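Please read the structure below before turning to the comments.
Read the numbers this way: they start at 1 and go in the same order the structure lists the ligands and their atoms. Please read all numbers here as calculations on a predicted model, not as lab measurements.
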Amino acid sequence: MKYISTRGQAPELTFEEAMLTGLARDGGLYVPATVPQMSAVDIAALAGLPYEEAAFRVMRPFIGDSFSDDEFRAIIARAYSGFGHAARAPLKQLDSGHFLLELFHGPTLAFKDFAMQLIGQLFQTALDRRGERVTIVGATSGDTGSAAIEAFRGLKNVDVFILYPHGRVSEVQRRQMTTPSESNVHALALDGDFDDCQARLKDMFNDFDFRDGVRLAGVNSINWARVLAQVVYYFTAAVSLGAPHRKVSFTVPTGNFGDIFAGYIAKRMGLPIDRLVVATNQNDILHRCLSGQGYHKGPTHPSISPSMDIQVSSNFERALFDAYNRDGRAVSQLMEELKAGGFDVSQGAIEALRETFDSGRASEEETLATIKTTLANSAELICPHTAVGVKVANEQRVADVPMITLATAHPAKFPAAVEQASGIHPPLPPRMSDLYDRPERVTRIANDLATLETHIKGHIGA
Ligand SMILES: Cc1ncc(COP(=O)(O)O)c(C=O)c1O
Ligand SMILES: N[C@@H](CCOP(=O)(O)O)C(=O)O
């Protein structure tokens with residue numbers, strides 16, 4: 001199994017190399033050269049399996065020779081052992097044709113744990129074997145950072161630096177990042193928004209002296225392994241509703257396009273997915289693009305679903321690569337135009353995208369109203385990101401095809417918005433009940449590449 005870059009100018013890599021590399025050296029994102037297929041028989045055989053075994057069968061063909069079967073099985077078992085629900089990703093019925101896929105039973109209460117817990121184990125195994133260490137730098141609007149810190153805290157061959165936008169994450173998210181006491185964890189509150197954090201991270205990858213000097217690695221969804229781990233729950237959810245014998249649709253609260261791109265991979269592997277619906281908040285660049293208005297950046301408006309406050313949706317590049325028939329030069333050209341503000345998508349590419357993706361948006365008021373009505377109608381208290389999904393799903397559902405909305409975070413991560421909408425203050429799970437009492441450790445830092453690089457170099461192994 002080989003991985004190629006969306007910009008066509010970087011070396012082909014194995015799974016392990018792509019995982020440890022993160023961003024390709026031509027600035028692109030790694031994708032599998034070919035997508036492995038699962039037959040209807042393979043898919044039907046997933047029914048009733050433990051989540052871990054389904055994960056092994058879905059992901060195994062992407063791993064190649066990087067890990068032995070025994071090694072990979074053990075890694076998966078360790079990754080999901082800390083989840084608070086036996087099913088790992090349980091489905092809850094909201095009404096007759098609408099289901100919630102609960103992805104918040106991991107250690108940091110968001111869907112990121114599915115991938116991050118796995119790649120924590122994968123990194124550790126690979127680095128121990130190679131006798132290497134890496135410096136992980138991550139950009140977060142709140143959830144990736146806390147999940148990465150949880151997965152890598154205390155590991156001897158990794159330092160983890162997380163850039164988050166100062167003042168733009170929830171207090172629970174911030175405390176999850178700033179309270180771990182392990183010396184290999186470094187929380188950096190950047191003066192800027194999430195797009196600034198992600199842009200500086202990509203700048204670091206494109207500064208080869210720095211990149212090679214600190215042995216930079218990335219755990220954002222630029223890392224293919226992140227996307228791969230998220231493919232699994234599309235299979236388990238669809239199979240529990242009757243796939244491969246019946247089609248299902250998914251609505252995905254979307255920001256960086258990693259989660260929904262995992263659904264696209266599941267579909268390309270053979271899972272009978274009818275529609276994949278991109279649900280955005282008021283920062284609706286993806287919805288506008290899929291509606292034919294081109295991809296043009298605007299200001300980011302802070303919202304009550306802050307993890308989706310994004311303009312430059314990183315993984316959309318992977319979808320564009322396929323929509324432009326895997327033409328790396330065309331993708332490079334679009335990404336150059338994006339630096340200057342945006343680009344128009346060709347008619348052929350937009351038609352290709354629309355074969356799979358629909359989209360919708362939820363305003364702040366609609367998000368609050370959806371939290372309230374979902375509680376009243378289905379007795380489910382949902383987080384604001386999930387509410388964006390539920391609102392859009394309700395508009396886009398069609399009869400006879402079940403709709404599964406991804407519940408991407410626990411409501412207790414966003415208590416202010418949930419309480420505003422519902423009057424209920426969602427409590428943190430007991431194991432996190434002292435979160436507000438733990439001392440915080442964070443460095444406020446300027447949105448400046450040289451400052452960041454100097455800080456990181458000075459704190460490796462500190
Ligand atoms: C709670 C929550 N929902 C949705 C999203 C959007 O997911 P993605 O960035 O994969 O599109 C995020 C951030 O990634 C998130 O943290
Ligand atoms: N919403 C994310 C943004 C980063 O996304 P990623 O999937 O690329 O890591 C967050 O919570 O940080």
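What you find for G154 and N184 is that their closest heavy atoms are N-OD1, 2.9 Å. The two residues G28 and T6 have their closest heavy-atom pair at CA-OG1, 3.4 Å. Listed here is the closest heavy atom pair of F321 and V331: CA-CG2, 3.7 Å.
Contact annotation: Q173 has no heavy atom less than 4.0 Å from any atom of ligand 2. Residue contact annotation: K112 has a non-hydrogen atom under 4.0 Å from ligand 1. Using a 4.0 Å heavy-atom cutoff, G142 is listed among the residues neighbouring ligand 2. At least one heavy atom of P253 sits less than 4.0 Å from an atom of ligand 1. Look at Y164 and you'll find every heavy atom at least 4.0 Å from all atoms of ligand 2.
What sits closest to atom 12 (O) of ligand 2 on the protein, heavy atoms only, is T140 OG1, 2.5 Å. Looking only at heavy atoms of the protein, atom 12 (C) of ligand 1 is closest to F111 CE2, 3.6 Å. Nearest protein heavy-atom contact of atom 11 (O) of ligand 2 is D143 N, 2.8 Å. The nearest protein atom to atom 3 (N) of ligand 1, hydrogens excluded, is given as T408 OG1, 2.8 Å; this is a heavy-atom distance. The protein heavy atom nearest to atom 9 (O) of ligand 1 is N256 N, 2.7 Å. When only non-hydrogen protein atoms are considered, atom 7 (O) of ligand 2 lies nearest to R226 NH2, 2.8 Å. The protein heavy atom nearest to atom 10 (O) of ligand 1 is D259 N, 2.9 Å. Of all protein heavy atoms, the one lying nearest to atom 16 (O) of ligand 1 is D143 OD2, 2.5 Å.
Heavy-atom proximity to G258, at under 4.0 Å, picks out these atoms of ligand 1: 8 (P), 10 (O), 11 (O). Interface of F194 with ligand 2, defined as ligand atoms under 4.0 Å from a residue heavy atom, comprises 3 (C), 4 (C). Residue A409 approaches ligand 1 through these ligand atoms, each under 4.0 Å from one of its heavy atoms: 1 (C). Near F257, with a cut-off below 4.0 Å to any heavy atom, the atoms of ligand 1 are 8 (P), 9 (O), 11 (O).
Between R211 and D207 there is no salt bridge, since no side-chain nitrogen of the basic residue lies less than 4.0 Å from a carboxylate oxygen of the acidic one. Salt-bridge formation is not detected for the pair E351/R354: no Lys NZ or Arg NE/NH1/NH2 atom is positioned less than 4.0 Å from an Asp or Glu carboxylate oxygen. Ionic pairing of R397 and D95 is present here: one or more N-O contacts between side-chain nitrogen and carboxylate oxygen are shorter than 4.0 angstrom.
Taking the six-membered ring for Trp, F261 and Y264 have ring centres closer than 6.0 Å. Aromatic ring centres of F123 and F152: separated by under 6.0 Å. F114 and Y51 have their aromatic ring centers within a separation under 6.0 angstrom.
Considering backbone and side-chain atoms alike, T254 places every N or O at 3.5 Å or more from each N or O of ligand 1. By the 3.5 Å distance cut-off applied to N or O atoms, N315 is not counted among the residues near ligand 2. Considering backbone and side-chain N/O atoms, F414 never comes within less than 3.5 Å of an N/O atom of ligand 1. Among the atoms of T144, some N or O lies under 3.5 angstrom from an N or O of ligand 2.
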Run the ring-ring contact (aromatic ring centres under 6.0 Å, His included) test on Y295 and F316 for me, step by step, so that the C-alpha distance in whole Å, both residues' side-chain angles and the decisive distance to 0.1 Å come before the verdict. CA-CA 10 Å; Y295 196 97; F316 197 49; 5.6 Å; yes

Could you walk me through whether F83 and F104 pass the ring-ring contact (aromatic ring centres under 6.0 Å, His included) test, one step at a time? CA-CA 9 Å; F83 276 52; F104 51 71; over 10 Å; no

Under the ring-ring contact (aromatic ring centres under 6.0 Å, His included) criterion, do H296 and F343 qualify, and how do the steps go? CA-CA 6 Å; H296 298 282; F343 55 84; 7.3 Å; no

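Neither the backbone nor the side chain of M308 comes within 4.0 Å of ligand 2, counting heavy atoms alone.
Within the model, atoms CD of Q230 and CE of M116 stand 8.5 Å from one another, a figure rounded to the nearest 0.5 Å.
For K92, the NZ atom is loosely surrounded, since the number of other residues' heavy atoms within 6.0 Å does not exceed 12.
Between S305, A115, G255, it is G255 that holds the heavy atom closest to atom 11 (O) of ligand 1. The heavy atom nearest to atom 8 (O) of ligand 2, out of those in S141, P165, S146, S221, is found in S221.
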